[in-house]
Undergrad: 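To start, I am sharing the structure in question, which I have written as structure tokens.
Being a predicted model, the structure only gives us computed values, none of them experimental. Residue numbering restarts at 1 for every chain, and letters A, B, ... go by the order of the sequence lines. Values below: every heavy atom of this structure, side chains too, minus hydrogens, waters and symmetry copies.
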Amino acid sequence: MARISLKVNGRSRVVDTDPSTPLLYVLRDDLGLNGPKFGCGLSQCGCCTVMLEGNAVRSCSIAVSNAQNRNITTLEGLGSVARPHRLQKAFIEEQAAQCGYCMNGMIMNAKALLDKNPHPTEAEIRRALDGILCRCGSHLRVIRAIQRAAV
Amino acid sequence: MKRRQVSRRGFLKSTGGLVVSFSFSAPISQLLAQSPDLPAVEPEATQLDSWLAVAQDGSVTVFTSKVELGTGIETALAQIVADELDVPFQKIQMDWGDTAKSVDQGMTVASRTLERAGPQLRQAAAAARQQLLKLAAAKLEASAEQLTVRDGVVSVAGNQAKKVSYGDLIGGKRFNLKIIATGEGWDMKVAPEARAKDPKEYKIVGTSVPRIDLPPKFTGEYTYIQDVRIPGMLHGRVVRPAVVNSKPSSIDESSIRHLAGVVKVVQQENFVGVVAETEWAAIQAARALKVTWSPPAEKLPANKDELDAYLKTTKSVIDMNPVKKGNVDEALSSASRTFQATYRWPFQLHGMLGPSCAVADVRADRATVWTGTQAPFMTRDKLATLLGLPKKNVRVIHKEAAGCYGRLEPDDVPEDAALMSRAVGRPVRVQWMREDEHGWSPKGPPHLISVRAGVDSQGKVIVWDYLDRSFPWTDARGVLLASRQVGLKPTDPGFPNGATSAGEVYQFANQKIAAQNLPWQTAGPIPLRTCNLRSPGQPARCFASEGFMDELASALGVDAVEFRLRYLGENKRLREVLVAAAQKAGWKERPSPAPSSAGPKLAGRGIAITDRAGAMVAAVAEVEVDKPTGKIAVKRITIAHDCGRIVNPDGVKNQIDGNVIQGVSRTLLEEVQFDATSVKSLDWKSYPIISFQNIPSIEIVLINRPEMEALGAGEPSIVPVPAAIANAVFDATGVRFREVPLTPERVLSALKSGPALNQRARS
Ligand code: FES
Ligand code: FES
């Protein structure tokens, strides 16, 4: 066990944990942030995506010790139902989900894309999100939501 | 957004209004701590209060055992109740899936919830409205006929000053009204005596009300089953054998002694799990624990060929023969031309994006379990058997899982959590790892389908002989994984895998449709266990029936749409979707295949239709086949869809998108790999599913039938997608594919052997 300092959604947090713990479990179980989800634990689905220093990363595959003192943003850090981020608003307007389990991955990767490329083409959106899996087939609505948020 | 739920017990105990209020952001522990105990009274179907409650502020809580699976069903049911009661949609709160608070309305399966639970809740609401009008008549000193209701306020026609709200009439109090309820589960008739509205008066049903559940799903504020945490909770992971039905002959606990936070290795008979203080400790311990498993007690077919042979030659245990008309053998021998073909479908996965998860709190005399089950009451009953507790001492509370498509009818994980919780005397949360879910979740069964047909000298089809050989659902309603590991035995061969979408919509003078399910039930658990997968069996059977119709049309030189219309008889709704889809897709009348074209890309179009439990769907697929690589690009799918009265048009479109995309994925990519003892597809690399670069565009024509009851839209439109795609590939290439998935390797090798494959169809 070790004390680890994290900067999550603009706040400093200290957790006492096994430093080899994947960041995902610390965010969810120690900090109560349910946005990032467990899907595979293998970097294959994108459910667990968070932003680390502005880059979308798979929190299931990063040890918490490697995220120490770096800026982490989770889905909760974007906005809330009361105050949604413009991406979240666009997803609501497009009704862009079914079960919604993949939505953390969709929105966090969309955020990373728009931060770098504010006006992506449809092909660029498809490329950027390829590999972020959705079993329910919400892909087309997700593309529309990202396009809506981009204008 | 703030939505409330009512604790029924608290509600019933209190005399003044609602007791509990929480927003999605409230910690789940607070919410759950309120009601872990058992109900004082179990809700009875014949008591109106079991179905709904009106609070003082006029909001209405609806209690239902039908659960949200990500299809938007709770929104659609709320629309129905809001309309019937004349209250604003925002005033409806759905309280679902708690065995202590709802009447058993049957499982949430088969896309039958709107069709069956819709009328149940509508009738309960109609009975409530009638009673509220009676109370209002007394209060306002008017006759019930003089009263009108708007937004939950009753007023006297012509005298708007005389009014009273639902909240003032009954808010926070019980109706205490007996209603009639006969039958069980989804067949239950609720309050048939209550007069419901004329559908022409609906204001909310038929509109695209935004889904209740979506906003918090985009912000991390929604509580999925994976997010349920209760005080004192530990984390468990299962340790399953890699192979079929084996026993742990020894467990070496010293192998995990170096790990901090391990609480207990739980073993009961063949069940093994690890409980730890943290999730990470549980995961590491489950991985590191050295278990010696006995050699497999059962063997699976070792490969695809052995499976194929098994499907071909084994004597069946369940026989279905829904269509028997004329004399098929005579007609085949008198036909001037005959045709035959064999179609194959592999084991496929449901592929829930979030693996199974549950939290169990098992005490000496009772248990409370939170899980994503599609069947809270069936899960409760199974847990009671496993734990040796009376049913009434087990409470199951549903929390939404990832989209599951039938996989959580046999909800395994609460049994794992219950065994571990009982062993450690504390609440335990168990989440399966990805390899547990891919490896041990029940699979959609494979099919081997043979079809024969004959035409007379005028080219008219006079005989159709269709035989589906497949497996029953060994685990859908039967004994689950952990139960089998502790020694409970299944008592039947499994649940029949159905026989529809096999060409029964066509009128042929001689017609036989049969389905045989072969023995697949085993005493112990096997990783190729089976259960219902989205519109079970039908995508496969439709792949064969609509593929074969296409073969006939092409062999006879007739356009595929025209050919189908000849045999659809008076089926007006099915004819309509067929024509609507063709029109929308810009279908040009000509026989298949398309005139051959030069160049590396071959384009084609194909069509397929189905009548799926009364819902009519036609699909047109447009594809492009890349000759050098064999890669199929599905460019566009057009769906015409008739599911009776449409409750929420945008909701139906959302479901169609999902069906189509999953259908494309299952057609092009998906097949479970296995060997004699185990499943080899254990992650998303070995079992790939579709992603963004390969998603087709989707066009939808909705046909509304306000005069009909509503039918579900969660499954019908996946059914014709595989056949439409394979027909389009034939149109493009002249090569008929009779086996899914249509992988580039398979396409490439077939393109090389050319039309020979196609000839196999002809006798
Ligand atoms: S859970 Fe991290 S990529 Fe799947
Ligand atoms: S909406 Fe269910 S997995 Fe994407």
Undergrad: Side chain, backbone, both or neither: which part of A:V26 has an atom under 4.5 Å from a heavy atom of chain B?
TA: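 Contact with chain B involves no heavy atom of A:V26 at all.
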Undergrad: Check B:L349 against A:R135 and note the closest heavy-atom contact, atom names and distance.
TA: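 Taking every non-hydrogen atom into account, O-NH2, 2.9 Å.
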Undergrad: Please tell me if the side chains of A:L140 and B:I698 come closer than 4.5 Å, counting only heavy atoms from C-beta onward.
TA: yes
Undergrad: Considering only heavy atoms from C-beta outward, does the side chain of B:D683 approach that of A:C40 to under 4.5 Å?
TA: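 No, their side chains stay 4.5 Å or more apart.
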Undergrad: Report the option among A:S80, A:A96, A:P84, A:A123 that has the most heavy-atom pairs separated by less than 4.5 Å from atoms of chain B.
TA: A:S80
Undergrad: With chain A, which of B:G220, B:S697, B:S691 has the greatest number of heavy-atom pairs at distances under 4.5 Å?
TA: B:S691
Undergrad: Should A:D18 and B:Q284 count as side-chain neighbours, where that means a heavy-atom distance under 4.5 Å?
TA: yes
Undergrad: Does a sphere of radius 6.0 Å around NZ in A:K89 hold more than 12 heavy atoms from other residues, nucleotides or ligands, not counting ones at 6.0 Å or beyond?
TA: no
Undergrad: Please classify the contact between B:S665 and chain A as side chain, backbone, both or neither, with a heavy-atom cut-off of under 4.5 Å.
TA: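 Contact with chain A is through the side chain of B:S665 alone.
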Undergrad: Below 4.5 Å from any heavy atom of chain A, which atoms of B:A402 appear? Answer side chain, backbone, both or neither.
TA: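 Both parts, backbone and side chain.
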Undergrad: Tell me, for B:P696 versus chain A, whether the close heavy atoms (under 4.5 Å) come from the side chain, the backbone, both or neither.
TA: backbone
Undergrad: Does any N or O in the side chain of A:R126 come within less than 3.5 Å of the main-chain N or O of B:I695, such that one atom is a donor and the other an acceptor?
TA: yes
Undergrad: Looking at B:L69, B:T219, B:I661, which has the largest count of heavy-atom pairs under 4.5 Å with chain A?
TA: B:T219
Undergrad: At a heavy-atom distance under 4.5 Å, which candidate from A:R28, A:E76, A:M103 has the highest pair count against chain B?
TA: A:R28
Undergrad: What part of A:T74 gets closer than 4.5 Å to chain B, counting heavy atoms only: side chain, backbone, both or neither?
TA: neither
Undergrad: Using atom types as modelled and distance alone, determine if a side-chain donor or acceptor of A:R127 lies under 3.5 Å from a backbone N or O of B:Q693.
TA: no
Undergrad: Which of these passes side chain to side chain contact (heavy atoms under 4.5 Å, CB included) with A:N34: B:R229, B:E221, B:Q226?
TA: B:R229
Undergrad: Once rounded to the nearest 0.5 Å, what's the spacing between atom CD of A:E94 and atom CG of B:L214?
TA: 12.0 Å
Undergrad: Using modelled atom types and a 3.5 Å cut-off, is there a donor and acceptor pairing between side-chain atoms of B:Y224 and backbone atoms of A:C99?
TA: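 At least one qualifying donor-acceptor pair exists.
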Undergrad: May I ask you to test the B:H235-A:D29 pair for a side-chain heavy-atom distance under 4.5 Å?
TA: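 Side chain of B:H235 against side chain of A:D29, heavy atoms only: contact under 4.5 Å found.
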Undergrad: What part of A:C102 is in contact with chain B, defined as an atom under 4.5 angstrom from a non-hydrogen atom: side chain, backbone, both or neither?
TA: both
Undergrad: How about B:N654 and A:Q95: does a side-chain donor come under 3.5 Å of a side-chain acceptor?
TA: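 Absent: no donor and acceptor within the cut-off.
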Undergrad: Does any non-hydrogen side-chain atom of B:F218 lie less than 4.5 Å from one of A:M106?
TA: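 No, too far: nothing below the 4.5 Å cut-off.
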Undergrad: Please classify the contact of B:E435 with chain A as side chain, backbone, both or neither, using a heavy-atom distance under 4.5 Å.
TA: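 Neither part.
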Undergrad: If every non-hydrogen atom of B:P355 is compared with every non-hydrogen atom of A:G39, which pair is closest and at what distance?
TA: CD-O, 3.5 Å
Undergrad: Given the options A:N104, A:I132, A:L75, which has more heavy-atom pairs under 4.5 Å with chain B than any of the others?
TA: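 Going by pairs under 4.5 Å, I would pick A:L75.
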Undergrad: Considering non-hydrogen atoms only, spot the tightest contact between A:L133 and B:W684 and give its length.
TA: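 That would be CD1-CG, 3.6 Å.
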Undergrad: Working to the nearest 0.5 angstrom, can you tell me the gap between B:D650 CG and A:R141 CZ?
TA: 4.0 Å
Undergrad: Taking B:E279 for the side chain and A:Y25 for the main chain, is one N or O donor matched with an acceptor at less than 3.5 Å?
TA: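 Looks like no, no N/O pair under 3.5 Å.
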Undergrad: May I ask you to name which of A:G41, A:G100, A:A97, A:G35 has the most heavy-atom pairs under 4.5 Å with chain B?
TA: A:A97
Undergrad: What part of A:L129 is in contact with chain B, defined as an atom under 4.5 angstrom from a non-hydrogen atom: side chain, backbone, both or neither?
TA: both
Undergrad: Is there side-chain contact between A:F91 and B:P215, with heavy atoms separated by less than 4.5 Å?
TA: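 They are not in contact (no side-chain heavy atoms under 4.5 Å apart), so the answer is no.
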Undergrad: For A:I107, is it the side chain, the backbone, both or neither that has a heavy atom under 4.5 Å from a heavy atom of chain B?
TA: side chain
Undergrad: Indicate yes or no: at least one non-hydrogen side-chain atom of A:K37 is less than 4.5 angstrom from one of B:D227.
TA: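 Side-chain contact under 4.5 Å: yes.
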Undergrad: Before you tell me yes or no, could you show the steps for A:Q98 and B:Q655 under side-chain contact (heavy atoms from CB on, under 4.5 Å), namely the whole-Å CA-CA distance, both residues' side-chain angles and the distance that decides it to 0.1 Å?
TA: CA-CA 8 Å; A:Q98 291 171 50; B:Q655 285 306 296; 3.6 Å; yes
Undergrad: Where on B:Q431 is there a heavy atom nearer than 4.5 Å to chain A: the side chain, the backbone, both, or neither?
TA: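 Side chain of B:Q431 only, per the 4.5 Å heavy-atom cut-off to chain A.
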Undergrad: Is it the side chain or the backbone of B:E400 that comes within 4.5 Å of chain A heavy atoms, both, or neither?
TA: side chain
Undergrad: Check whether any side-chain heavy atom of A:T17 sits under 4.5 Å from a side-chain heavy atom of B:W280, and report yes or no.
TA: no
Undergrad: Of all heavy-atom pairs between A:C136 and B:Y405, which one has the smallest distance, and what is that distance?
TA: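 Where A:C136 meets B:Y405 most closely, the heavy atoms are SG-OH, 2.9 Å.
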